[in-house]
Amino acid sequence: MKVRLGFVAMTLRLENCSPSKTITLKNLEKISGYEHRIGRLTAIAKENLENTLRILRANQYDRIQVYRFTSKLIPLCTHPQFRTWNYCEVLSRELKAVGDFVKEHKMRVSMHPDHFTLLNSPNPDVLQASILDLEYHTNVLEAMGLDTDTKIVLHVGGKYNQRVEALERFKSQFLHLPERIKSRITVENDDRSFTAAEVLKLCKDIKAPMVFDLHHHQVLHQGEDVSDLWPEICATWENTGLPPKVHLSSPRDDQNPRYHADFIDADAAVDFLNIIRPFDKDIDFMIEAKQKDMALIRLSQDLKARGFTMNGLAEFIL
DNA sequence: ACCTGTCAAGTCTGG
DNA sequence: CCAGACTTGACAGGT
């Protein structure tokens, strides 16, 4: 089985290469005239897309196949004030360049909306904003020319004091989404509301692939063994032709177990790999650490030092 | 060059 | 009912 390592959004291997540059509304308002404001936003988005392409090129050089785009590629585009901005058209060349590179090098990319995108909110305004945000993510991926293999990772959302109802509401609100959004969504277990076992059941019901977050599972669970969950998690990916995705991070310390550490605890990663090894399924290991791709490189070295067979910096064969 | 308060967006807890 | 925590990255203004 193959284990491919990937990382999220920002690189520390390149200088001045933020793909998430933004501008606050307050500062944008200092620019007079709608057209000038849109011009500024467009310039920032172009810079973000150029830097994203630089990151992908560096990844290609290092043979890192797995990467998550930042959600901040196009600043403020879902703000009510800029609802009519046709960013995909204005940025079509830049978006397509990114998508073409991804396809040319057979990379697997994804997106993960921020924590205020809550498909299960009982508040219609929050739901509406969440749908608009999902639409934005979908628009961008479509403009890149990436098909529904390029997934959008979501959490279930809040508990709202009624966890069962909150789960049900996710289901019904999910089912009402347009197909082009629905077909991209994968759901991840979180560390305060919904366990891996609950998300697994949800994913089976709505026929969406499940992203397994190992650290979240360690923080929030009801004693389920990973080895019991794993085959069923893999089954949710069966029709996609994609390797199941696992999120990997380590707690900063005992006081802040939910806070992401700078690097990945290789022993925890190895324990997990040993548990899933008998099932012999390829996975994508998405590293969520403060030190971003530097954490990937360190984990890679640590795995190599523990005797795992390496095929390039970011691929291991078990 | 470095430090600090602020930022569009939500939820949850504790007072 | 409201303030603060949670948590994340980056801007922008100040030194």
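Just so we're on the same page: letters track the sequence lines, and every chain starts at 1.
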**Request:** Report the hydrophobic cluster partners of A:M286, with the cluster defined as I, L, V, M, F, W, Y residues connected by side-chain heavy atoms closer than 4.5 angstrom, directly or transitively.
**Result:** A:V8, A:V66
Between protein and nucleic acid, restricted to nucleotides 12-15 of chain B and to nitrogen or oxygen atoms under 3.5 Å apart, what atom pairs and distances do you find?
residue : atom : partner : partner atom : Å
B:dC12  : OP1  : A:K159  : N            : 2.5
B:dC12  : OP1  : A:Y160  : N            : 3.3
B:dC12  : OP2  : A:Y160  : N            : 3.3

**Request:** For A:D262 and C:dG9, give me the distance from atom CG to atom P, rounded to whole Å.
**Result:** 11 Å
**Item:** Spacing between A:I31 atom CD1 and C:dC11 atom P, to the nearest angstrom
**Value:** 14 Å
**Asked** Just wondering, do A:N120 and A:L127 contact through their side chains at under 4.5 Å, heavy atoms?
**Response** no
**Prompt:** Has A:K281 got more than 12 heavy atoms of other residues, nucleotides or ligands less than 6.0 Å from its NZ?
**Reply:** no
**Request:** Name all residues meeting the side-chain contact (heavy atoms from CB on, under 4.5 Å) criterion together with A:V126; count only those two or more places apart in sequence or in a different chain, and write none if there are none.
**Result:** A:L118, A:S121, A:N123, A:S130
**Message:** When the P atoms of B:dC2 and C:dT8 are compared, how many Å lie between them, rounded to an integer?
**Reply:** 24 Å
**Message:** Would you say that more than 12 heavy atoms from the other residues, nucleotides or ligands in this model lie under 6.0 Å from the CG of A:D228, or not?
**Reply:** yes
**Prompt:** When rounded to the nearest Å, what value does the distance between P atoms of C:dA10 and B:dT11 take?
**Reply:** 25 Å
**Asked** Which whole number of Å gives the distance between the P atom of C:dG4 and that of B:dT6?
**Response** 13 Å
**Message:** Just the rounded figure in Å: distance from C1' of C:dT7 to CG of A:D213.
**Reply:** 15 Å
**Asked** Using Watson-Crick and G-U wobble pairs whose two distances are both under 3.5 Å, how do you write the pairing of DNA chain B as dot-bracket, with | for links to another strand?
**Response** |||||||..||||||
**Interface with DNA chain B, restricted to residues 116-131 of chain A and to heavy atoms under 4.0 Å** = A:F116, A:L118, A:S121, A:V126
**Message:** Are there over 12 heavy-atom neighbours, none belonging to A:H105, within less than 6.0 Å of that residue's NE2?
**Reply:** yes
**Atom-to-atom span, CD1 of A:I23 to C1' of C:dG9 - whole angstrom** = 16 Å
**Message:** Among residues at least two apart in sequence or on other chains, which ones pass side-chain contact (heavy atoms from CB on, under 4.5 Å) with A:K103?
**Reply:** A:D100, A:L146
**Test ring pair (Phe, Tyr, Trp, His ring centres under 6.0 Å) applied to A:W85 - qualifying residues, sequence neighbours left out** = A:Y87
**Asked** Are A:T117 and A:D133 linked by a side-chain donor-acceptor pair shorter than 3.5 Å?
**Response** yes
**Item:** Same-atom distance (P) from C:dT7 to B:dA8, integer angstrom
**Value:** 22 Å
**Prompt:** For A:D190 and B:dT11, what is the distance between atoms CG and C1' respectively, to the nearest whole Å?
**Reply:** 12 Å
**Message:** Using whole Å, what does the distance between atom P of nucleotide B:dT11 and atom CD of A:E165 come to?
**Reply:** 16 Å
Where do N or O atoms of nucleotides 1-7 of chain B meet protein N or O atoms at under 3.5 Å, pair by pair?
none

**Asked** Between B:dT11 atom P and A:H115 atom NE2, what is the distance in whole Å?
**Response** 10 Å
**Listed once per pair and sorted, the ring-ring contact (aromatic ring centres under 6.0 Å, His included) pairs that draw on residues 281-318 of chain A, sequence neighbours left out** = A:F272-A:F285
**Request:** State whether the number of non-hydrogen atoms from other residues, nucleotides or ligands found under 6.0 Å of A:K201 atom NZ is greater than 12.
**Result:** no
**Item:** Residue A:E179 excluded, over 12 heavy atoms near CD under 6.0 Å
**Value:** yes
**Asked** Can you tell me if A:T148 and A:S183 form a side-chain donor-acceptor pair at under 3.5 Å?
**Response** no
**Request:** Could you tell me how the ring of A:F174 sits relative to the ring of A:F170: parallel (under 30°), tilted (30 to 60°) or perpendicular (over 60°)?
**Result:** parallel
**Message:** Could you check whether atom CZ of A:R54 has more than 12 heavy atoms from other residues, nucleotides or ligands sitting under 6.0 Å from it?
**Reply:** yes
**Message:** When you compare the side chains of A:N59 and A:R13, does any donor N or O come within less than 3.5 Å of an acceptor on the partner?
**Reply:** yes
**Request:** Please list residues of residues 285-295 of chain A whose heavy atoms come under 4.0 Å from any atom in DNA chain C, ordered by number; otherwise none.
**Result:** A:K290, A:K292
**Request:** Taking atom types as modelled, find out whether A:E198 and A:T195 have a side-chain donor-acceptor pair closer than 3.5 angstrom.
**Result:** yes
**Prompt:** When you check the phosphate oxygens OP1 and OP2 of C:dA12, does a side-chain N or O of A:N27 lie under 4.0 Å from one of them?
**Reply:** yes
**Message:** Taking CG in A:N161 as the centre, count heavy atoms belonging to other residues, nucleotides or ligands within less than 6.0 Å. Is the count above 12?
**Reply:** no
**Asked** How long is the line joining CG of A:D191 and P of C:dT7, in whole Å?
**Response** 8 Å
**Request:** Enumerate the residues from residues 72-90 of chain A whose closest heavy atom to DNA chain B is under 4.0 Å, giving them by residue number; use none for an empty result.
**Result:** A:L76, A:T78, A:H79
**Asked** Listed by chain and number, what are the side-chain contact (heavy atoms from CB on, under 4.5 Å) partners of A:E188, not counting sequence neighbours?
**Response** A:H112, A:V153, A:H155, A:V211, A:D213, A:H216, A:H247
